[in-house]
Amino acid sequence: MSTRIAFLKGHGTQNDFVIVPDPENALDLPAAAVAALCDRRAGIGGDGLLHVVRSAAHPEAREMAAEAEWFMDYRNSDGSVAEMCGNGVRVFARYLQRAGHVEVGDLAIATRGGVKRAHLDKDGDVTVGMGRARLPGGEVTVSVDGRTWPARNVDMGNPHAVAFVDDLAHAGELLAPPPVAPAGTYPDGVNVEFVVDRGPRHVAMRVHERGSGETRSCGTGACAVAVAAARRDGADPEVTGEASTYTVDVPGGRLMITEYPGGEIEMTGPAVIVAEGEIDEEWLRAAGL
């Protein structure tokens, strides 16, 4: 391909992304090319890639085009396709604003996890409606370095196993996916969160994201953690009839997660565009693009 490809770099609580604007879905982005772009030493570097496409131009999003003009075609850093990324939605929304596609206020974004509602605040924060959590039954355990903990199975459009621990260091290096039992519970892999308490309705977490390794933040993971903590603490909004808000500290910053009676979950946090440029043509050819 001789045409230069524009890119931007952004992050949400240091969960960072390569952003590739491609409104008409003209680019072929094979997994190997995405992995090369996300490589932190030989590429641009990121926990994932946000492929920005008009919904009407993408076969996976055309049915959502009437509701959401833009589709977040999200890829993990290894090139694999993912259903959703909460921090990614915030950064995606910030990019649309920067590019002049949307104004401050409300907007809808199509994802493989459905249409997500976002609100761009004037102060720079972005609030995203993350939908409802599903709580599949069955006992799950997570193990690291000979320790094993029970984990809460939470589905936020993508799967999570949430384990409450005494010390975040117990999560180990998180270079490889922590073993989860029973085997076969998550045939497509799982995001694993390790959580400690910091105060009333205030927790901190580390996460291994499937396809990416440990990341500085995970939006859907923070939502899963807040849901699991609320059930553990007897603060389930369906039971109490009151909204439940948790402060969730991640290595890259802080997110506020609110779950409402009826199950809707909102996440609020920062989204920053760091840089923009063009990918070198020679590098593109070497990467197979």
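These figures come from a predicted structure and were not determined experimentally.
Here the CG atom belonging to Asn191 is positioned 8.0 Å from the CG atom belonging to Asn76, to the nearest 0.5 angstrom. Atoms CD1 and CD1, on Ile257 and Ile265 in that order, are 8.0 Å from each other to the nearest 0.5 Å.
For Arg75 and Asp73, the salt-bridge test passes: some basic side-chain N is under 4.0 Å from an acidic carboxylate O. A salt bridge links Arg231 to Glu259: one of the charged nitrogens lies within less than 4.0 Å of a carboxylate oxygen. Between Asp167 and Arg147 there is no salt bridge, since none of the side-chain N atoms of the basic residue sits less than 4.0 Å from a carboxylate O of the acidic one. For Arg132 and Asp155, the salt-bridge test fails: no basic side-chain N is under 4.0 Å from an acidic carboxylate O. Using a 4.0 Å cut-off between charged nitrogen and carboxylate oxygen, Asp106 and Arg117 do not count as a salt-bridge pair.
Under the side-chain contact (heavy atoms from CB on, under 4.5 Å) criterion, Met64 pairs with Ala61, Ala110, Val115, not counting sequence neighbours.
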*List the steps and the verdict of side chain to side chain contact (heavy atoms under 4.5 Å, CB included) for Met84 and Met156.*
CA-CA 8 Å; Met84 241 293 285; Met156 286 298 307; over 6 Å; no
*asked:* Quick one, Thr247 with Met256, criterion side chain to side chain contact (heavy atoms under 4.5 Å, CB included). Give me CA distance, side-chain angles, the key distance, then yes/no.
replied: CA-CA 5 Å; Thr247 300; Met256 302 299 294; 3.3 Å; yes
*Might you work through the side chain to side chain contact (heavy atoms under 4.5 Å, CB included) test for Arg98 and Glu276, ending with a clear yes or no?*
CA-CA 11 Å; Arg98 179 189 178 98; Glu276 62 181 315; 2.8 Å; yes
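Hydrophobic cluster membership is shared by Val144 and Val190, with clusters built from Ile, Leu, Val, Met, Phe, Trp and Tyr side chains linked at under 4.5 angstrom. Hydrophobic clustering (ILVMFWY, side-chain heavy atoms < 4.5 Å, transitive): Met72 and Val52 are in one cluster. Taking hydrophobic clusters as Ile, Leu, Val, Met, Phe, Trp and Tyr residues chained together by side-chain heavy-atom distances below 4.5 Å, Met205 shares a cluster with Val128. Under a hydrophobic-cluster definition in which Ile, Leu, Val, Met, Phe, Trp and Tyr are linked whenever side-chain heavy atoms come within less than 4.5 Å, directly or via other members, Leu96 and Met267 are assigned to the same cluster. Linking ILVMFWY residues whenever their side-chain heavy atoms come closer than 4.5 Å, directly or via other members, places Phe92 and Val126 in the same cluster.
In this structure, Cys223 and Met130 approach most closely via the heavy-atom pair SG-CG, 3.7 Å. Counting all heavy atoms, side chain and backbone alike, Arg112 lies closest to Phe71 at N-CE1, 3.9 Å. Across Leu255 and Ser217, no two heavy atoms sit closer than the pair CD1-OG, 3.9 Å. Shortest non-hydrogen contact noted between Val154 and Ala228 is CG2-CB, 4.5 Å.
Annotation for Val104: hydrophobic cluster partners, listed by chain and number, are none (ILVMFWY side-chain heavy atoms under 4.5 Å, direct or chained).
In terms of modelled atom types and a separation under 3.5 Å, the side chain of Arg206 and the main chain of Gly172 share a donor-acceptor contact. Between the Asn158 side chain and the Glu83 main chain, no donor and acceptor come within less than 3.5 Å of each other. Checked by atom type and distance alone, the side chain of Arg254 never pairs as donor or acceptor with a backbone atom of Asp249 at under 3.5 Å. No side-chain donor-acceptor contact under 3.5 Å links Thr13 to the backbone of Arg216.
Using a 30° and 60° split on the angle between ring planes, Trp149 and His170 fall in the parallel class, below 30°.
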